[in-house]
Amino acid sequence: MPATDLYERLETAAQAIAEATDRPRHDVVVVLGSASGDFPEHLDEAVAVPYPRIPGFPVPAVRGHAGTLYSTSFGPNRVIMLSGRVHAYEGYSTDVLTFAVRASLMAGCHTLVVTNAAGGCGDGMIAGSIVAISDHINLAGINPLVGPNDSRLGTRFPDMSDTYTPRLRRLVLDVAAEQDIAISEGVYAWFLGPTFETPAEVEMARRLGADLVGMSTVPEVICARHMERQVIGLSVVTNLAAGIADHRLTHEDVSATAELVKEDFSRLLIALLPRI
Ligand code: HPA
């Protein structure tokens, strides 16, 4: 599909978001991952728009991913929350799996906040902790910008220094300290999945400098940087990665640990979002 076509589909979706939420523009978009899927329960006055009502939005299939866009406010910020993300391992093209984030950025958002569940492999990572992403390593072998470049979205060769906005990384650490929430920073390595990594792959990622391994986040972040938006990445370490953990990994264990962290994680988001 030509790149121009993508741009026009994004404009149509951004317009549909504005109409369905009755807000001409938004400021911040949050991608809720498996660690924060029920966060919208904390929102009293959110407008909920099911994904199928927005042209081009994908319909997620994985457990714990609902497929609803919420529009709400935190302080001065009009915030889009995307509950229900699709992953490359489900077979979606990168254009499809990044569409909701790109459309939200097109709807005015200057900042992407992306959250996920990840395996911990770096020194000091503990299951049940929260980590602010400081940088990433793309080990998935795909990139959402492959194909013709549409210069209305961004440049052909985007710079990826300071991908996770330094000022916002400091803000996250400050807000966590104020809220008495333990947090550290770490490098996130993106694997395609859906298999969990082998112990040798985890060891490779660790030696390359990764602290976290996961199956999401990086494509959305690349699109946001292409569009020159600010980025915050937050991981919940739901398990120690394969070979570091002394037991087999299951999706159920990942979900159970995410459940334990969710209160702190929600508190962090609620304190952070008005201050971006
Ligand atoms: N690996 C990849 N993705 C994950 C993991 C993991 O160990 N835990 C949660 N998501």
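Remember, it's 1-based here, ligands and their atoms both numbered in the order they're listed. These numbers come from the heavy atoms of this one structure, side chains and all, not from hydrogens, waters or symmetry mates.
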Inset, instruction - Run the salt-bridge test on R267 and E263 with the 4.0 Å N-O cut-off and return the result as yes or no. - result: no

Inset, instruction - Look at the aromatic rings of Y164 and H136 and report parallel, tilted or perpendicular, splitting at 30° and 60°. - result: perpendicular

Legend entry - Under the salt bridge (Lys or Arg N to Asp or Glu O under 4.0 Å) test, residues paired with R23 that sit two or more places apart: none

Legend entry - Distance (rounded to the nearest 0.5 Å) between E178 CD and L272 CG: 10.5 Å

Legend entry - Proximal protein residues to ligand 1, non-hydrogen atoms under 4.0 angstrom: A117, A118, G119, F196, E197, V213, G214, M215, T238, N239, L249, V254

Legend entry - For V213, the rest of its hydrophobic cluster, which grows through side-chain links under 4.5 angstrom: I137, L139, V187, F191, M204, L208

Legend entry - D27: salt bridge (Lys or Arg N to Asp or Glu O under 4.0 Å) partners, not counting sequence neighbours: R78

